[in-house]
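Throughout, a chain's letter reflects where its sequence line sits, starting with A, and its residues are numbered from 1. Hydrogens, waters and symmetry mates play no part in the numbers below; they use all other heavy atoms, side chains included.
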Amino acid sequence: MCIAAWALPVSLHGQSSFIFSISGKVTDSSGSPLIAVNVTLEGSNRGTATDEHGKFIFTNIPSGEYVLSFSAIGFSKQKLTMTVEKESQSINIKLVENIRQLSPVVVTATRNDRVASDIPVKVSTIDKQQIQQTGSLRLNDILAEQTGLTIINDHGAGLQVQGLDSDYTLLLINGEPVIGRTAGTLDLNRITVGNIKQVEIVKGPGSSLYGSEALAGVVNIITDRASGTGGSAALRYGSNNTTDLALEGQYKSEKSGLYLFGNRYSTNGYDLSKDVFGQTVDPFSSHTLGSTFDYNFSSKTNFSINGKYFTETQQSKFKTGTQQQTVIGAGEVTEWSINPKLTHSHNDQLKLTFRFYGTTYNTESLLEYKTTGEVYDRTSFGQSLYKPELQAEYFVNARNIITGGVGNTWEAVEATRYQSRQHFSNTYLFGQYEWLPLDRLNITAGARIDMHSAYQSQLSPKVALKYDVLPWLSIRGVAGVGFKAPDFRQLYLNFTNSVAGYSVFGAGVVTAEVESMQTQGLITEILTDLKQFHDLKAESSLSFNLEFLTQLSSTWSASVNLFQNNISNLIETVTVARKTNGQAVFSYLNKDEVYTQGFESDMSYSPAQSLRLSVGYQYLVAKDRETLSNLNDGNIYARDPDTQETYRVSKSEYGGLFNRSKHTANVKAFYHHAKSGWGASLRINYRSRYGFADRNGNGILDIDQEYINGYATVNTSITKIIGEVISIQAGCDNLFDYKNPEYITSLPGRLFWGTVRMNIKSKNKNKP
Amino acid sequence: MKYFKTTVMAIAITFLTIACDDDDNSVVVKQLEAEVVEDLQADPQSNPDGTAREGTNQFTLYSLKDNKVIPNSDSATTKWDIGFRSTAIIVNGGDSGPGQGEAQITTGIFEELTEAPETGYKKDEEGSYAIQGTDGWYNYTGHTGTPVNAIIPIPGKTIVIKTAEGKYAKIEILSYYYGSPNTTTAEFADMATRSPSRYYTFRFIYQHNGSRNLVNTSSLN
C-alpha cells in the first residue's frame with residue numbers, strides 16, 4: 001500500500017548506478033491476492049506492504065543481489081533471492097498457510113502490536129468468541145477457567161497468578177491500570193465481559209515495563225471499538241434472579257468510529273446456610289457504560305478516546321453483638337475513567353503515542369441498627385489517579401526495534417480510616433530493545449525506572465528470548481525483576497477498633513502516633529523499634545520463566561512453562577506496642593521472603609475446524625523462607641488437637657502458604673458448527689486441597705484439619721444461531737452442584753441460565 | 001483426663017542411689033513429676049453446662065508448691081504463686097503480690113526445658129504482667145479467624161516462674177476451655193456449642209529445692 005518514498009544512496013552494494021525496480025504480486029495457495037503482506041528488502045531498512053490487489057513495488061533499486069522476505073499473519077515467512085542486473089524484476093509469489101494456528105496480535109508484552117507467536121514472552125489470550133461460548137458475565141467467570149489462574153475470594157474476587165495473590169497482579173483496561181483495591185484485592189466482579197474484544201494475560205516478569213504490581217502478572221483487557229455500523233443486544237436470565245442486559249451500538253465512517261456499550265447486571269445473591277440470619281451473598285446490582293471514539297486525522301495520525309462509568313449497589317442485612325441486633329444498610333461503589341490517546345507515525349520508522357488516563361474510584365457504606373436507627377458503621381474511600389505518558393517506537397529495521405517512554409502518575413486517596421488526604425507522585429522512564437539477530441532468535445530486553453515520592457526508586461529490568469530450535473519446537477525464556485509499592489493502607493492507615501480497642505497504623509504514621517500515645521500514658525511497652533518503620537521498602541521479586549512450545553501438526557499443540565518467583569521484603573503486619581488496655585498496636589514492616597515455583601502445561605487438540613479440545617494443568621509449590629529456616633532449626637511447634645501434646649513440626653509436614661492448591665487443572669471442549677449454527681461447550685475445573693487457616697496455634701499450614709478439600713466444577717453451555725441476527729444460548733454452571741457452605745461461600749450451587757442475543761451489523765461501512 | 005493418664009504412665013518414677021565418696025550418706029535423686037491441673041476456674045462467665053453464672057472479677061490463686069487453690073482472702077500472703085482471671089495471669093510479686101514472683105515465657109518443648117534460665121525474668125507491673133497474654137501464651141483468632149473469637153494457647157511456649165518463695169517452676173498451658181476440647185472441630189467452631197471459656201488446663205513442674213534444675217530433685221537421705 002505504501003512505498004518507501006525516500007531515495008536510497010545509489011552506490012548501495014558499491015555496484016553500478018543503474019536504477020531498477022522490483023515489483024510483484026503475493027497470493028495464497030489458491031491464488032487469491034493477499035493484502036497487507038509485509039515485504040522487506042533484507043540488508044536495507046526498506047519495507048512495504050501489499051495493496052488490495054496483493055501487489056507491491058520497490059523503486060530506485062540499483063543492480064545487485066537481493067533477498068526479499070514476505071511475512072503475514074497466518075502464513076509461513078518466505079524468502080526469495082533475486083538478482084537485478086539489466087532490467088526491473090517482477091515476480092509472483094504464493095505464501096503457504098502457517099501450520100501454527102492463527103496467532104493473535106497482542107500488545108501487552110512489548111507495549112506494541114505484535115503477533116503472539118513471534119515474541120519471546122508468552123501472552124495467553126481469550127477472545128470474544130470464547131467469552132460468548134462460555135456464557136461468562138464477569139471477568140472472574142472467564143479467568144477462573146484459564147490454566148494457572150485461580151480466583152481467591154477475599155474482600156472480592158481476586159486473581160492468583162503463579163501462586164501470588166491479587167495484590168501482585170496488575171489489571172489493565174486498554175493498557176491503563178484499574179484502581180480501587182480492598183485489602184489488596186481488586187474485585188474482578190466489577191468488570192463485565194460484554195464489551196471485551198480480547199483478554200491478554202502475561203504471567204511472571206515479562207511485563208515489568210508496567211511498574212508496580214506487575215509482579216505476578218498483567219491482565220490487559222482490550223475493549224471493543226467500532227468496526228462497522230450496527231448494534232447488538234443480549235439478555236440473560238438465570239438462577240438467583242440473575243439478570244444481565246448488554247447493549248452495544250457502533251457507527252463507523254471513513255474517518256471516524258463510535259462504539260457505545262451499556263450493561264446492567266443484578267442478582268438476588270444466595271444463601272448457603274439457611275439457619276444463619278442473613279444471606280451468604282446479599283443482593284446487588286451494577287451498571288457499566290463504556291464508549292470509544294476513534295478519529296483518523298490522516299493515515300499517519302489517529303486519535304481515540306475511551307470512557308467508562310461503573311456503579312454498584314449492594315444491600316446488607318445481618319445480626320451482630322451479644323444482643324443479636326439486626327443491622328441493615330447499603331454500600332455503593334462508583335468508578336469512572338477517561339483515556340484519550342493520540343498516535344502519530346512520523347515516518348515509516350518512528351511512531352509516537354501520547355496517552356492520558358484519569359480515573360476515580362469511590363465507595364460509601366452506611367450500616368444502621370434496624371430498631372434504633374443508630375449508626376453501626378459508616379465508611380468511605382476515595383482514590384483517584386491521573387497519568388500522562390509519551391511513548392516512541394523506533395523501527396530501525398526489521399531486526400532492530402527500540403521503544404522508549406516517559407510518564408508520570410499522580411495518585412490521591414481520602415478515606416474514613418486515613419487522617420488526611422494523602423497523595424503520591426511517580427515519574428517513570430522505560431526502554432526496550434527488540435533484537436532479531438537470526439530469523440529463529442528474538443531477544444527482547446527492557447528496563448523501567450520508577451521515581452516515587454514515598455519510597456525508594458525502583459529499577460525493574462527484564463530480558464526475554466525466543467529461539468526456534470526446530471520448525472515445530474520453540475523455547476522461550478524470561479528473567480525479570482518486578483516490584484510492588486507499599487500501598488496507602490500500609491503507609492497511612494490510622495485505625496483504632498472502638499469495640500476491641502486495638503490500633504493499626506501505616507508505617508508512615510506509626511512513629512508519631514505511638515509517641516503521642518506514649519505521652520498520654522496509653523502505652524505499656526514498645527515491642528518493635530520504631531526506627532525500623534522509617535524506611536518501608538517496596539516488595540520486590542526476581543522471577544524466571546522457561547517455556548517449551550511445540551506445534552506438532554495443525555491439530556496438536558502443547559507447551560510446558562517452568563516458573564519461579566522469589567519475593568523479598570514482603571510487607572507483613574507486626575505488633576509494635578502494647579497498650580494499657582491490654583490490646584496491641586500493629587503496623588507494617590518488610591519481613592518475609594517467599595517463593596512460588598512450579599510449572600504449567602497446556603495441550604490442545606483440534607481434530608476438525610468445529611471442535612477444539614484442551615487440557616491445562618499447573619503444579620505449584622509456595623513457601624515462606626523464614627518458616628523453612630525455622631523448621632530446619634526445629635523452632636516450630638504444634639499441639640495435637642486431641643491429646644494436647646506439643647511436638648516439633650518437621651519440614652515435611654509444612655504445606656506452604658495458605659490458599660494455594662498444589663494441583664489445578666482444567667479440561668475444555670468447544671464445539672461450533674458453522675453450517676448448522678449449533679455450538680456447545682463443556683469445561684471442567686479442578687483444584688486440589690488448599691490451606692484455609694491455622695488451627696493448631698503455630699501460624700503455619702501443617703495438619704490435615706487446616707485444609708479445605710479439593711473439588712471440581714463442571715460448566716456447560718449450548719448455543720444455536722438462527723439466521724443472521726439471532727442466537728440463543730442456554731447453560732448450566734456447576735452442573736453437579738458442588739457446595740461447601742462452611743468454607744467456600746463464594747461458590748453458589750448449580751446455576752441455570754439462558755441468553756437471547758441479537759446482532760445487527762451492516763457490512764457496508766458507510767450506511768447504517 | 002486422657003492426657004493425665006498417659007502422663008502418669010509415661011513419667012515413671014525412678015529412685016537412684018548414689019554412693020558418696022566422703023561418707024555413708026546417700027543422695028536420693030528423684031525425677032520430677034509433672035502435675036496436671038484440669039479446668040481451673042478463672043472467673044468464668046458460664047458454668048460447665050453452659051448456663052450463665054455471675055463473675056467474681058477476682059483472680060483464682062494457686063499454690064504450685066502445694067498444688068492447690070488458695071482462697072482470695074490470702075491474696076496478700078506468699079501462700080499463692082500464680083493467679084488466673086480470664087486471659088490474665090499474674091505471679092506473686094511486683095505489683096501483684098508480696099512474694100518474690102517473676103516470670104518469663106520461653107520457646108521450646110516443655111520436657112526439653114531441663115533448667116530454668118538464670119536471667120530474663122520480669123516482675124508484674126500494673127497493667128503489664130510478666131506473663132504476656134496475646135502473642136505471649138495465646139493467640140486470639142479474632143472475628144475473622146478460624147475458629148472465630150477463640151483463645152488458643154501457642155504451642156511450644158513454656159512459662160518459667162519464680163514462685164512467691166523464689167523457687168523455680170515451669171508451666172505449660174494446654175487449654176482455656178472446659179474439658180480441654182479439640183479446637184479444630186465444628187462443635188468448637190460454633191459459638192453455640194463451644195464449651196465454656198476461662199477454665200484452664202495446664203501442667204507444671206515445681207522444684208522445691210531452690211535449684212534451677214527442672215528434671216529431678218536430689219536430697220540427702
> What part of A:Asp694 lies closer than 4.5 angstrom to a heavy atom of chain B: side chain, backbone, both or neither?
Replying inline: backbone

> When rounded to the nearest 0.5 angstrom, what is the spacing between CG in A:Asp640 and CG in B:Asn182?
Replying inline: 8.0 Å

>> Just so I know, are the side chains of B:Phe110 and A:Thr646 near enough to count as touching, which here means a heavy-atom distance under 4.5 Å?
In response: no

>> Counting neighbours of CZ on B:Arg53 that are heavy atoms of other residues, nucleotides or ligands and sit closer than 6.0 Å, is the number greater than 12?
In response: yes

> Which bit of B:Ile173 is near chain A, if near means a heavy-atom gap under 4.5 Å: side chain, backbone, both or neither?
Replying inline: backbone

>> When you compare the side chain of A:Gln644 with that of B:Arg203, does any pair of heavy atoms fall below 4.5 Å?
In response: no

> Side chain, backbone, both or neither: which part of B:Pro147 has a heavy atom under 4.5 Å from chain A?
Replying inline: neither

> Is there side-chain contact between B:Ile152 and A:Arg639, with heavy atoms separated by less than 4.5 Å?
Replying inline: no

>> Counting heavy-atom pairs closer than 4.5 Å to chain A, which one of B:Ser175, B:Ala150, B:Gly108, B:Ala88 comes out on top?
In response: B:Gly108

> What's the shortest heavy-atom distance between A:Ala638 and B:Pro155, and which atoms?
Replying inline: C-CB, 3.6 Å

> When you look at CD of A:Gln520, are more than 12 heavy atoms from neighbouring residues, nucleotides or ligands closer to it than 6.0 Å?
Replying inline: yes

> Would you say B:Tyr178 has more than 12 foreign heavy atoms packed within less than 6.0 Å of its OH?
Replying inline: no

> So what's closer than 4.5 Å to chain B heavy atoms on A:Tyr647: side chain, backbone, both or neither?
Replying inline: backbone

